[in-house]
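Here the structure is laid out as structure tokens; the discussion comes afterwards.
All chains are named by letter (A, B, ...) in the order of the sequence lines, taking the proteins before the strands, and each is independently numbered beginning at 1. Both backbone and side-chain heavy atoms feed into the values below; hydrogens, waters and symmetry mates do not.
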Amino acid sequence: MNTPLLAVSGLRVGFPAPGGRRLVLRGIDFEVEEGTAYGIVGESGCGKSMTAHAILGLVPPPGSIAGGTIAYRGQDLVSGDPSAWAGLRGRHIAMVHQDPGAALNPLFTIGSQIKAIMRRHGRARSREARQRAVSLLGELELADPAALLDRYPHELSGGMQQRVLLAMALAGDPDLVIADEATTALDVTIQAQVLALLDRLRKKRGLTLVIITHDLGVVAQTCDRVAVLYLGRIVEEGDPEDIFLEPHHPYTRGLLKARPGEQTQRTPLAVIPGSVPADAANITGCAFRERCAFAMDSCRLEDPAERRLSDRHRSACHLEGGR
Amino acid sequence: MIREFGSVRAVSAERPASGAARTLLAALVNPPAGSARRHVLGDRLAAGALVALAVIVMLAVAAPLVTPHADQGRGATSIEDKLLAPSLAHPFGTDALGRDVLARVLFGARTALASGLAIVLIGVVAGTLLGATAGYVGGWLDEAIMRVTDVFLAFPPLLLAMTVAVVLQPSLENAILAIAITWWPWYARIARGQAISLRERHYVRAARGIGVSHPMVVLRHVLPNVMTPVWVQATLDLGAAILTVSALGFVGLGVPQPTADWGAMISEGRIYVQTGHWWVPTFPGLALFVTIMAFNLAGDAVHMATSPRGRAMQDA
Amino acid sequence: MTMEHDILLDVMNLAVDYPTGTGIFGRRRGHVRVLEDISLRLRRGETLGVVGESGCGKSTLAMALAGFVIASHGDILFDGRDVLRLDAAGVRAWRRDMQLVFQNPLASLNPRMTVHTIVSEPLVTHTRLGRGERRRRVEALLGETGLDPSFLARYPHELSGGQAQRVVLARALALNPRLLVLDEPTSALDVSVQAQILNLLMRLQAQHNLTYMLISHSLGVVEHVSDRIAVLYLGEIVEEGPRDEIFRQPRHPYTQALMAATPVVDPSKRQVHRPLSGMIPGPASRPRGCRFHTRCPRAWSLCHDTRPRPQRVGDGHVAACHLLTP
């Protein structure tokens, strides 16, 4: 088998807390093959954004990586030279944020922000940069890209800003793009446009995508692999068919059943009781057991290890076999 | 010195509603991570300032008990003891009328603290009520109140206070009133900015939605949420208020004799420096310096404690 | 057909304008219409779902019903009374009968008040209950929304999003309202918590015979709770009808596009359609003719300059599209 483009193993991220360290990522393992789209789903506080920041080496202080490896093309970044990691950012690994309004500098034109990235990564000289920026915006299906370069972020709609952000991410010609809730703030018809665009770019440029979202539908529609995150741990990982049609972990099943829609008209929805606890440290054994309908004695005693259900499907739950 | 206070206040009195200004302010007063040493130093300074303040307040309150010359502190003269150098009997020496300078300084502290506090309180009450009402109601009332505020802000505070003090009879109350008139517009501006942003808040709308009347909305939902930045500004301003009282006293428009006032003491004592009686103006000057320093440091500490200390770690 | 007395809320030809920017001397420069010709009827005890994307005016509709924005045209009849022309006593009664629930529950709670103060505020404002009686009532309200009395002394920042929304609902129920206008009540919540709140909303509706207008951008939420659905686009209702009809047979191209664009969790049903092209125009630059023609895949010449009238396309099902003209 080829070396995966990105291999995260045993990743732990902690923040200093009274009486020790609070782990927000408690050992995350996943691999992303080149040219595929990998989806990470979870609710607030599950650590999905932190995973993105950790991959980029941008864990906000006072947090820090407490263990594990993040290998890009087989090279571990955590134990390696920090400047090498910084060199990857933007040029090889780029990120698209949730809130385009906050990610764009209001004082500079779209063009100058894109060109700055191109120059920084030595992808283009100043003269070519404008040309390249125009073709990039055109590729993102933005109308009249040349005129767009001279406009300021506030003059654009949310959907356009999100595309510009995507253009900025692509300006360094990266191999891997991490989209952190990149379509969450968008209307569904605009979200569909951006998702279709990402898919086309992936096929055309051979781009690898990590799509981080709370929306199960987005992942089901766009990803080749899916990981479900709960309180800093991957509780289930598999192909979309595994996760959405044959889910194993009670949390995954709960999330899917809690979605309102066609099958649920005016009947009570299946509910995961309670809410996500603030910290996993106070829970012995499985972090989900307090909200789990299937919790057993063994769930209190030990945090379940990962089990392989098939070649490509794994789940961290004591429950036997299928459903 | 006064001008400097003015400019500092001008910065922090910017409408707190504007997010950019607030972020900038937070960045200015709140250095980014990696300055742990400065934080500890800041904490120590703040703690020192608070201790100093406590001591000053206690001495002022207990002034008649700590000095054997309480009557002189209140103004009784003793000409035969005039201009005695510091000694055990008179640690700070005596002034031209033979009064114990220590007693005068201690009683001066009462004047300074009481007037400073009164000025800021009058300013806060008048300013927040006017500002919050202007911001919440909006429209022509807002325009009217804010234009009046602008007029007051267009005068240099000390100059305006001096004019008012000249027109009114010299007395402690009038000095306080004169300065308070120049003081409230700052709080009105802060309160108005807050109230404007609050007006659009969902919980204010929600209160309207359940039928709470406008005055009750202002009282229960707007004022309590307007007060935090106002109080922070007020603590920062206490030092400046005391300084202004002293300045008024220094130019002879402040508290009339025989009440002890640091500004007047410095003013009257300064000629004695040339005759070698340095202690007459020096000790009130030092008292003023220490007090204002303590208030400013404590005010900064309050500001620091209440300004957003960087965004909490967030994981969506 | 429905009997007149079945109708709790009757919105007729409602229009709302917003002033566009003010000049340097505070003079209004112009108006932009954000809601146009909105006619809706809510029967007692039913839920009307209002869906639409940003800029469609759905929140403005809620604000107009609550009186926070002034309607420039049209009538709102509640139980036969004209809500837009009430005297002071009438407004008070209207404030009891109709409650508005906002999108972000934490933002609708005063951060300096305890849960007890928050939930008792409508009681203090509208009733003369004694302190003890008020407390019992507040406890009962919290109980109904699934919170135990230990929450009474808490402040909003000590609540999770779901708990905060329960407090908001308890406050809304305090005066026994008849109509609840819910503006995106679950969009700030996680999926698992959203399900809890939706269940709660439906239980409360059954117990108190409440009428809901639920405004949402999420088709899933609207499909789950609504009896009837209205689809808004750029300030106009493009389609309205019974839930099943709308979902099984959407007639307006926009409704169809909206449904096609909503991602489903079944990976075997990946979308192969072409998503709608173009951006949503702002209210200030609403297209002439059919508002949707700039993005409509089936627009033709008529759509560019003539506004389509709503047409009856089924039992209680109307849509405004030229393609539906017989």
For C:R295 and A:T189: C-alpha separation, side-chain torsions, deciding distance, then whether side-chain contact (heavy atoms from CB on, under 4.5 Å) applies. CA-CA 10 Å; C:R295 299 176 73 203; A:T189 57; 2.9 Å; yes

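Heavy atoms of C:S218 lying under 4.5 Å from chain A are absent altogether. For C:N199, the part sitting under 4.5 Å from any heavy atom of chain A is the side chain, from C-beta outward, and nothing else. In this structure, chain C has a heavy atom under 4.5 Å from the side chain of A:L256, while its backbone stays farther away. The part of C:Q194 that comes within reach of chain A is its side chain, from C-beta onward, which places non-hydrogen atoms under 4.5 angstrom from that chain. Heavy-atom distances place the side chain of A:D215, and not its backbone, under 4.5 Å from chain C.
The nearest pair of heavy atoms linking C:E53 to A:D187 is OE2-CB, 2.9 Å. Nearest heavy-atom pair across C:A261 and A:A192 is CB-CB, 3.8 Å. Annotation for C:P263 and A:Q191: closest pair CG-NE2, 3.5 Å, computed over non-hydrogen atoms. Contact between A:E43 and C:V193 at its shortest, heavy atoms only, is OE2-N, 4.4 Å.
Residue with the most contacts toward chain A among C:R243, C:H217, C:Q163: C:R243 (heavy-atom pairs, distance under 4.5 Å). In terms of heavy-atom pairs under 4.5 angstrom with chain A, the leader among C:V222, C:D190, C:L198 is C:D190. Most heavy-atom pairs under 4.5 Å with chain C: of the set A:L216, A:L255, A:I190, this distinction falls to A:I190.
The backbone N or O of A:T267 lies less than 3.5 Å from a partner atom in the side chain of C:H224, making a donor-acceptor pair. Between the side chain of A:Q221 and the backbone N or O of C:V265 there is no donor-acceptor pair closer than 3.5 Å. The backbone N or O of A:P260 lies less than 3.5 Å from no partner atom in the side chain of C:E223, so there is not a single donor-acceptor pair.
When side chains are defined from C-beta on, A:P268 does not count as touching C:M202, because their heavy atoms never get closer than 4.5 Å.
Counting non-hydrogen atoms of other residues, nucleotides and ligands closer than 6.0 Å to CG of C:D148 gives a total above 12.
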